[in-house]
Structures are given as structure tokens and as C-alpha cells.
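In what follows, a single structure is set out as C-alpha cells and then discussed.
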Amino acid sequence: MALRNRTARLRPALAPATLAMLTACLMAPAPTASADDVNFTDGRQVGLATVVSVDGVKRPVEFVVDDDGSLWEFERLGSYWTRTNRGTPANVAIVAGAGAVGVDQGVRAYVVGDDGNLWQFRHDGASYGWTKLVRPQGSRALNGAVGTGVDGKGARFVVARDDSGRLWQYKHNGQSWVPEDMGKMPNGEGDLLMSDVGVGTFNEGAYAFTISNRNVLWSVHKTTDGKWVWTSWGTARKDDPVWSPLGVITYKEQNELVVFLQSNDARVWRVSWDAAAGSGAWKEFAAPASRPAVHSGGGAVPIPGGEQVTLLGKDGKLSNTVNGHMPSAPWYGTRTPANADLRRELGSRSVADDSYTFTVDSDGDVWVARFTPADLSWKWTEIRG
């Protein structure tokens with residue numbers, strides 16, 4: 001997902017600190033700001049991760065870039081939410097978010113910098129910092145990313161894109177990062193990469209999803225003979241060129257991948273693989289009747305009893321539906337706080353059966369909505385400190 005840095009200013013670097021990783025860890029100092037000074041109106045999500053504490057409790061951690069280009073970490077500690085300015089890599093502006101993932105009791109966030117490299121932000125207890133991942137040989141400058149995940153063997157991976165449209169997988173083998181060339185979307189029929197959708201895992205391996213300029217959903221994965229193969233999942237329509245990715249769900253038990261997309265008319269599509277047809281099976285959800293959705297983000301996550309999809313409407317309210325509530329899977333409006341005029345949904349994630357949805361209001365502040373399926377309740381919290 002692309003990130004805009006409105007000021008594009010470069011911050012002075014601190015003295016470099018050496019890390020036992022690939023390269024030196026450099027970090028620009030994070031400026032001190034009051035709650036009223038920070039604005040996320042044009043901010044973009046980098047990634048949402050699940051962190052497991054020493055006692056086994058799971059909690060969400062969200063990373064967002066603010067309007068000035070700084071990375072912020074939103075962390076739930078007990079019943080409270082905190083936010084911390086993590087700055088940027090020294091003398092590097094963030095141009096794209098690549099995702100986040102929990103590692104042991106810590107967390108990692110990944111971004112693409114305007115220097116054409118992939119950067120990792122590491123947070124382990126009181127220790128944190130930035131590290132540049134070495135660009136693969138043969139790669140052009142990176143300018144985008146598809147996402148971050150963990151494969152079936154527990155290895156984390158990041159899929160980034162260079163300025164020629166070629167995808168690269170960075171995979172951690174427990175000690176170091178091993179990059180691989182995933183190739184480019186086939187262009188024999190005029191297909192061009194138009195949108196990065198997300199990543200998932202199947203048969204323990206990584207899958208990356210993209211959309212072409214012909215509205216065709218493509219995946220790329222590594223076969224047992226070590227080759228990266230691109231596969232078309234087809235399309236449901238060719239008359240609507242704008243798509244918004246909502247999420248990719250991996251079902252390890254069923255060994256299934258499901259992709260959720262939103263078309264320009266606010267309709268939601270669920271795409272799963274149809275082995276008999278050798279293509280994707282597209283299922284349409286109707287747009288929320290009373291709350292027309294806008295292209296301001298959305299999310300799709302697994303919850304007990306089905307798959308929850310959330311969309312933000314033009315009225316500043318959040319709508320949601322759960323696939324599995326048959327036969328119609330109706331849309332419902334959430335009880336949004338009266339003082340929250342929502343303008344953008346950043347993303348959603350399931351953590352310990354509950355779902356967490358992050359949004360931005362008209363004042364540029366971040367809100368999180370926690371949905372508990374057990375009692376169908378929504379709890380909203382404004383994160384300002």
C-alpha cells in the first residue's frame with residue numbers, strides 16, 4: 001500500500017548503533033509531540049500484528065504512518081492503549097508499508113524507504129531500532145510491497161515490489177534474510193500490475209496476490225521443484241477498473257486461501273480457489289443498503305462462526321457483515337461513538353476470537369473498535385496518549 005509523506009523532510013540521524021543483523025541499525029530521532037500535534041488524516045497503515053506475551057496472552061499491535069511521515073506504534077497493554085512515535089530510518093522517508101508480524105514476545109514492522117530498500121523496525125521490550133535489509137542482487141529500487149506473513153513452518157517473510165513490477169520475497173531462515181526473485185505478472189495478454197492485495201500461506205508456502213489492469217486476480221507461489229509460478233484466479237467483471245483489497249484469510253486446517261476485494265460500486269467479493277474449474281470462485285456480497293461504502297479502506301478477518309467484513313460508509317459509520325449467517329449475510333451498522341466522525345478504515349485483525357478495527361476520524365485521530373462475537377458487542381476507544 002502506498003504511503004504519502006506530505007513534508008518529505010529528512011530528519012537528522014543519531015549516532016549509528018551496531019546490531020547483530022544484516023546491516024547497521026539507524027534511527028532518526030522521534031520529535032516530541034502533544035496529542036493535539038499529531039495528525040493521521042492522510043496517514044496509512046503499515047501493518048497489524050498479534051503479539052504473544054510471556055504468559056501466553058495475545059494482544060494487537062498496529063503500525064501507522066502519520067501525515068508527517070513518522071511511524072507510530074499503537075499497542076494494547078492490559079485494558080489501555082498506548083501510542084509511540086518510532087520516527088523513520090535515518091535520512092529515509094517511508095513510501096510504502098509492507099506489514100507487521102509478532103516475533104517471540106516482540107514485534108517487527110516493515111516499510112519501503114525512498115532509498116529503494118526494505119527496512120525492518122524491531123521492538124523487543126525496552127529494545128527497539130531500525131535495520132536495512134540488503135537489496136537482492138538483480139533487483140531494481142523497491143517502491144512498493146504486497147505484505148508480510150509467516151509460512152507453515154514458522155518462518156516470517158516479506159514480499160516487496162521493485163519499480164519494474166517484479167516481486168521479491170525476503171524470507172528469514174532463523175538467522176538471516178534470504179531473498180528470492182518471484183518474477184513478474186504475466187503480460188502476454190496485456191496484463192499490468194495495478195494493485196497489491198496481500199499474502200497468505202498454502203501447503204506451508206507463501207502466496208502473494210495482485211490485481212491486473214484487467215481486473216484479474218493473480219497469485220504467485222513456489223512449487224515443489226523450486227519454481228515461482230503465477231496463476232490467474234479470474235475476475236467477476238471487467239467494467240469496473242477500481243479495486244480495493246480487504247484482506248487474505250488463511251485456513252490452515254482446511255488448507256484454504258480466501259481473498260476479499262471491494263469493487264468501485266462498493267460491492268464486496270469473496271474469492272476462493274475452485275480446483276475443478278482451475279480458477280477462482282467469486283461470490284458477491286451486496287453493498288450496505290443504507291450506508292454506501294466509500295474507498296476509504298475496509299477489512300476481512302476470521303471470527304468464530306464466520307468471516308467478518310467491515311466497510312466505512314459516507315455517513316462516517318462502520319458497517320459489518322459475517323459470512324456464515326445464511327441465507328443472506330445481512331449488513332449491520334455499528335454503534336459508533338457520537339463524537340467520532342469516521343473518515344477512513346485502516347485495517348482489521350482477529351486476536352483471540354475478538355476482532356479489532358482501526359479507523360481515523362475527521363480530526364485526524366485514531367480509533368479502535370473491538371468486536372466480541374460472544375455477546376456481539378462493539379467497544380470503541382480513541383487512542384490519543
Side-chain angles (χ1 to χ4, degrees), residues 11 13-35 38 40 43 45-66 70-90 92 94 97-111 113 118-134 147-151 153-158 170-177 346-347 349-352 354 356 358 366 368 370 381 383-385:
R11 296 180 173 86
L14 295 173
T18 302
L19 286 178
M21 298 181 72
L22 292 176
T23 60
C25 172
L26 303 176
M27 183 173 178
T32 301
S34 68
V38 186
F40 296 93
Q45 183 185 34
V46 168
L48 252 169
T50 300
V51 177
V52 182
S53 61
V54 177
D55 56 4
V57 176
K58 297 180 179 180
R59 55 189 173 85
V61 178
E62 165 79 303
F63 289 92
V64 182
V65 174
D66 69 12
S70 291
L71 179 70
W72 286 76
E73 180 178 4
F74 295 81
E75 186 176 14
R76 185 183 178 204
L77 301 175
S79 59
Y80 298 96
W81 284 90
T82 65
R83 68 179 190 183
T84 306
N85 188 349
R86 298 304 187 182
T88 68
V92 174
I94 299 173
V101 63
V103 178
D104 298 325
Q105 283 78 53
V107 67
R108 307 289 185 269
Y110 299 93
V111 302
L118 182 65
W119 288 81
Q120 173 185 263
F121 175 78
R122 173 189 55 84
H123 180 197
D124 294 312
S127 175
Y128 59 91
W130 290 92
T131 301
K132 181 172 69 175
L133 276 60
V134 176
T148 297
V150 177
D151 69 16
K153 297 181 179 180
R156 65 184 185 273
F157 63 89
V158 185
Y170 290 72
K171 186 175 181 178
H172 199 268
N173 63 11
Q175 296 181 338
S176 61
W177 290 93
L346 296 170
R349 187 174 183 86
S350 294
V351 180
D354 292 351
Y356 294 83
F358 290 81
V366 173
V368 58
R370 179 183 180 180
T381 303
I383 310 175
R384 293 178 57 84

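No experiment lies behind these values; they were computed from the predicted model shown.
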Audit row: V368, I383, side-chain contact (heavy atoms from CB on, under 4.5 Å) steps and yes/no: CA-CA 7 Å; V368 58; I383 310 175; 3.9 Å; yes
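- Using a 30° and 60° split on the angle between ring planes, F358 and W81 fall in the perpendicular class, above 60°.
- V52 and K58 make their closest contact through CG2-CG, 3.9 Å (heavy atoms, listed as atom of the first residue, atom of the second, distance).
- Residues passing the side chain to side chain contact (heavy atoms under 4.5 Å, CB included) test with V57, sequence neighbours excluded: S53, D55.
- You'll find the side chain of Y356 stays beyond 4.5 Å of the side chain of L48, heavy atoms only.
- Judged by distance alone, the side chains of R122 and S127 do bring a donor and an acceptor atom under 3.5 Å apart.
- Here the closest heavy-atom approach between residue V107 and residue V51 is recorded as CB-CG2, 3.8 Å.
- Note: N173 CG to R156 CZ = 10.0 Å, rounded to the nearest 0.5 Å.
- In this view, R76 satisfies the salt bridge (charged side-chain N to carboxylate O under 4.0 Å, His left out) rule with no residue, not counting sequence neighbours.
- The cationic group of R86 does not satisfy the cation-pi geometry with F63, failing either the under 6.0 Å distance to the six-membered ring centre or the 45° limit from the ring axis.
- Taking the six-membered ring wherever Trp is involved, the centroid distance between the rings of F74 and F40 falls below 6.0 Å.
- The shortest non-hydrogen separation linking T148 to A100 is CB-N, 4.1 Å.
- For the pair E75/T84, no side-chain contact is recorded, criterion being any heavy-atom separation below 4.5 Å from C-beta on.
- Contact record, Q45 with G347: OE1-CA, 3.6 Å, taken as the closest heavy-atom pair.
- Nearest heavy atom pair, residue G87 against residue I94, reads O-CD1, 4.4 Å.
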Steps toward side-chain contact (heavy atoms from CB on, under 4.5 Å) verdict (L71, W130): CA-CA 11 Å; L71 179 70; W130 290 92; 3.5 Å; yes
Chi angles and distances behind the side-chain contact (heavy atoms from CB on, under 4.5 Å) call for V158, H172: CA-CA 9 Å; V158 185; H172 199 268; over 6 Å; no
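- Heavy-atom minimum distance, V92 versus G113: CG1-CA, 3.6 Å.
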Worked check of side-chain contact (heavy atoms from CB on, under 4.5 Å) between R83 and E62: CA-CA 9 Å; R83 68 179 190 183; E62 165 79 303; over 6 Å; no
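- Ring centers of W177 and Y110: under 6.0 Å apart, within the cut-off.
- Checking each of V64, T82, V61, V46 against E73 for a side chain to side chain contact (heavy atoms under 4.5 Å, CB included) leaves exactly one that passes, namely V61.
- Using a 3.5 Å distance cut-off with no hydrogens or angles, the side chains of T381 and R370 do not pair a donor with an acceptor.
- Remark: the backbone N or O of G106 is not paired with any side-chain donor or acceptor of D104 at under 3.5 angstrom.
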